[in-house]
Amino acid sequence: MGGLFAGNMLCRAGWKVDLYERVAGPLSDRGAGIVTHDELLSALELAGARVDEHLGVRIFERATIDRHGNIVASLPYDQILTAWSRLLHVLEEAFPSDHYHRGKVLKYVQQDNNSVTAHFDDGSRDTADILIGADGIRSTTRAQLMPDQQPEYAGYVAWRGLVNEDELSSAARDQLMDSFAFCLPPGEQMLTYPVAGKENATAKGSRRLNFVWYRPAAFDTELKRLQTDSTGHWHSDGIPPGAIREDVLDEVRSSATATLAPVFAEVVHKTPQLFFQPIFDLEAQKMVCGRVALLGDAAFVARPHSGMGVTKAACDAIELVRALDACPQLDEALNAYQTSRIKFGRAIVRQARNMGACIHIGSGSEHQRQMELRYRDPETLMRETAVSLQYLNLDSTA
Ligand SMILES: Cc1cc2nc3c(=O)[nH]c(=O)nc-3n(C[C@H](O)[C@H](O)[C@H](O)COP(=O)(O)OP(=O)(O)OC[C@H]3O[C@@H](n4cnc5c(N)ncnc54)[C@H](O)[C@@H]3O)c2cc1C
């Protein structure tokens, strides 16, 4: 996603860009719901992506529902909720297809004073003035140039899934399909929001409900157990949805019945393909190394509570293109980019870490306890979860 934002914006600024993607086939069947912000919509425009009223589902409020199904707090908030595949489609459509090279796995990077060369695992290479490593949380570029900067497991996972609106009971449709809804079982957190249905349908009745359920999972015990398939194989870098064991899925469904509000439990039970993602923090100490710049999750990963992953990558791209435009010297431009985006990256990682403090087992530090108290309050949680940057005071984040 970040690579497409940067690629599109650089093309529009007159650069000659080639984009290399590891995955050979279409990426559109991946991902789930994505929260949009004003900043993301502006970035799509700058990238030349065509967005219209079909970008996603628009909602106007947030609500917190207790274990018994009562609404305990609500907040007006106007937001468009889209799907990862939808965003990807509009960005891919805008990028020149003859410069989009799929099935090319970056192996390593070589650079000197005049150029940088990307070497791919099929033996091919490409040389350019600048290389942007927008290769995600497990970035090959970062691993080579900054090997000591690794993602850090946050101690919990996010169970996720999508359910068709027409499969939900009328009670679940009434409570969940027109709002961003939260449920706060002890030590956990679940949220749901509507997204477009098949073929980007946004009409009532044909949408889908997206959910994210955060649950603690200690690394050496519970996470390992969750990531072990029925043959005993441990998928240390993430288990594919289809390989998650039936007994694990049954446990999750039983826990949903035991701990969640009835409509939230129904969503978990009716999800055809439950899957989970371990949650990580990543804070790179630098974003630039010679002619190479890191962008998006390759440099900073904020926990999903901030709902900023795609927006952050898009804003990195805006800043990079702006810096390249403003400074004739490449090194000055890249330094200006690094200075502004490191500050933001650190602040958003901290803010999202604070929001995740309430998802844990056992006791934490004094700071964690304070943050837990803060974000156990439904009003505060709803005011700060996945909101536009204008509503966050990142300068004050400790
Ligand atoms: C539970 C959860 C919920 C989330 N919810 C939201 C949300 O609501 N809103 C939001 O904005 N974000 C959300 N995110 C985060 C979002 O998915 C990412 O932050 C975002 O996609 C970052 O974009 P990126 O381009 O930096 O990295 P990625 O999207 O990961 O892209 C990296 C690309 O590089 C490719 N690649 C990797 N290695 C190589 C290589 N060696 N050679 C060639 N190609 C390579 C990959 O195939 C991939 O296509 C969520 C994340 C999680 C876990």
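Just so you know, ligand 1 is whichever comes first in the structure, and atom 1 is the first atom listed for that ligand. Just so we're clear, the structure is a prediction, and the values are computed from it rather than from any experiment. Computation of the quantities below employed the complete heavy-atom set of this structure, encompassing side-chain atoms and omitting hydrogens, waters and symmetry-equivalent molecules.
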Check your understanding: Which ligand 1 atoms does Gln277 reach within 4.0 Å, using its non-hydrogen atoms?
Key -> 1 (C), 2 (C), 52 (C), 53 (C)

Exercise for review: Measure up the Phe180 and Phe182 rings against each other and bin them: parallel (under 30°), tilted (30 to 60°), perpendicular (over 60°).
Suggested key: parallel

Review point. For Gly2 and ligand 1, does the shortest N/O to N/O distance drop below 3.5 Å?
Key: yes

Revision key, fill the gap. The answer for which part of Arg22 has a heavy atom under 4.0 Å from ligand 1 is both

Revision key, fill the gap. Of Asp135, Asp121, Val35, the residue with the heavy atom nearest atom 36 (N) of ligand 1 is Asp135

Check your understanding: Hey, what's the ring geometry for Phe219 with Trp234, parallel, tilted or perpendicular (30° and 60° as the breaks)?
Key -> perpendicular

Practice item. Assess Lys104 for proximity to ligand 1: is some non-hydrogen atom of it under 4.0 Å away? Key: yes

Check your understanding: Does a donor on one side chain and an acceptor on the other come within less than 3.5 Å for His367 and Asn354?
Key -> yes

Check your understanding: Side chain or backbone of Met308 under 4.0 Å from ligand 1, or both, or neither, by non-hydrogen atoms?
Key -> backbone

Practice item. Tell me, please, whether Phe280 has Arg138 positioned over its six-membered ring: NZ or CZ under 6.0 Å from the ring centre and within 45 degrees of its axis? Key: yes

**Study point:** Proximal candidate to atom 12 (N) of ligand 1 [heavy atom criterion; set Ala313, Gly309, Ala386]
**Key:** Gly309

Exercise for review: Please identify which atoms of ligand 1 are closer than 4.0 Å to at least one heavy atom of Arg160.
Suggested key: 1 (C), 2 (C), 3 (C), 4 (C)

For residues 320-328, please give each side-chain donor-acceptor pair under 3.5 Å, one per line with the distance, not counting sequence neighbours.
from   : atom 1 : to     : atom 2 : distance (Å)
Arg322 : NH1    : Glu319 : OE1    : 3.0

Review point. In terms of the angle between their ring planes, are Phe95 and Tyr100 parallel, tilted or perpendicular, with boundaries placed at 30° and 60°?
Key: perpendicular

Check your understanding: Does any N or O atom in Leu106 lie less than 3.5 angstrom from one in ligand 1, N or O only?
Key -> yes

Review point. Which atoms from ligand 1 have a heavy atom of Ala134 less than 4.0 Å away?
Key: 32 (C), 33 (C), 34 (O)

Point to revise | Where ligand 1 meets Ala158 - atom numbers and elements under 4.0 angstrom, heavy-atom basis | key: 1 (C)

Review point. Can you list the ligand 1 atoms lying under 4.0 Å from a non-hydrogen atom of Tyr193?
Key: 8 (O)

Check your understanding: Quick one: do the Arg303 and Tyr156 side chains pair a donor with an acceptor below 3.5 Å?
Key -> yes

Check your understanding: Hey, does the Lys NZ or Arg CZ of Lys104 hover above the aromatic six-ring of Tyr20, less than 6.0 Å from the centre and inside 45° of the axis?
Key -> no

Revision key, fill the gap. Quick note on ligand 1: atoms under 4.0 Å from a heavy atom of Gly296 include exactly 26 (O)

Check your understanding: Would one find an N or O of Ile137, backbone or side chain, under 3.5 Å from an N or O of ligand 1?
Key -> no

Point to revise | Ser236 side chain to Gln227 side chain, donor-acceptor N/O pair below 3.5 angstrom | key: no

Check your understanding: At a 4.0 Å threshold, what atoms of ligand 1 neighbour a non-hydrogen atom of Pro304?
Key -> 1 (C), 2 (C), 3 (C), 4 (C), 52 (C)

